[in-house]
Amino acid sequence: MDVSGDGVVDMVYHTDTSGRLLFRKGIAASGGGTDINSLASAANSADKIDTVYGASGWYTTDVPLLMGTTDANSDGIPDIWAVAANRAVKFHPGGRTTLSGSGTQVINPNTYWPTRLSIG
């Protein structure tokens, strides 16, 4: 998913080290597409670092499942669907550099959501 809007695939992931979502900016491959090696480590990425995309509350105990998806709200930026610790499904509209807010609950808590393998 191209978060930054530069036509190159980027990566957003959560880490249990800090409980944050992190953003890694990809580099275009010489033959087209994305240089996969640019997403392999922060040092290989376009910015040479991973930046904070979601400030807190993203430990796997808080958000056991998340999935980046194409633009669901028509603002031109990929979005994130997540299963929260209370077993509700939340929608997080993407941002070019960060997520804002705590998302919107779109499906009420249900015991089966944490057992799903993917959403989106």
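Shown here for D2 and G7, the closest heavy-atom pair between the two residues is OD2-N, 2.7 Å. Residue P64 comes nearest to V83 through the heavy atom pair CD-O, 3.0 Å, listed as atom of the first residue, atom of the second, then distance.
Residues passing the side chain to side chain contact (heavy atoms under 4.5 Å, CB included) test with N73 are D71, D75, D79, F91, P93, sequence neighbours excluded. For K25, the salt bridge (Lys or Arg N to Asp or Glu O under 4.0 Å) partners at least two apart in sequence or on another chain are D6.
Hydrophobic cluster membership is shared by L39 and L22, with clusters built from Ile, Leu, Val, Met, Phe, Trp and Tyr side chains linked at under 4.5 angstrom. I80 and V63 end up in the same hydrophobic cluster when Ile, Leu, Val, Met, Phe, Trp and Tyr side chains are linked at under 4.5 Å. Y112 and M67 end up in the same hydrophobic cluster when Ile, Leu, Val, Met, Phe, Trp and Tyr side chains are linked at under 4.5 Å.
Taking 4.5 Å as the limit, some side-chain heavy atom of L21 sits within range of a side-chain heavy atom of L66. Contact check for M1 versus V12: side-chain heavy atoms found under the 4.5 Å cut-off.
Each side chain to side chain donor-acceptor pair (under 3.5 Å) pair with one or both residues in residues 37-50, not counting sequence neighbours, appears once here: Y13-D50, R24-D50, N37-N44, S41-N44. Applying the side chain to side chain donor-acceptor pair (under 3.5 Å) test to residues at least two apart or on different chains, the pairs with a partner in residues 52-66 are D16-T60.
The CH2 atom of W81 sits 10.0 Å away from the NE2 atom of H92 when rounded to the nearest 0.5 Å.
If you chain together ILVMFWY residues whose side-chain heavy atoms come under 4.5 Å of each other, I27 ends up in a group of its own.
Here the side chain of T34 pairs no donor or acceptor atom with the backbone of G26 at under 3.5 angstrom.
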Got a list of side-chain donor-acceptor pairs under 3.5 Å for residues 95-107, not counting sequence neighbours?
from : atom 1 : to   : atom 2 : distance (Å)
R96  : NH1    : V3   : O      : 2.7
R96  : NH2    : G76  : O      : 3.1
Q105 : NE2    : N108 : OD1    : 3.0

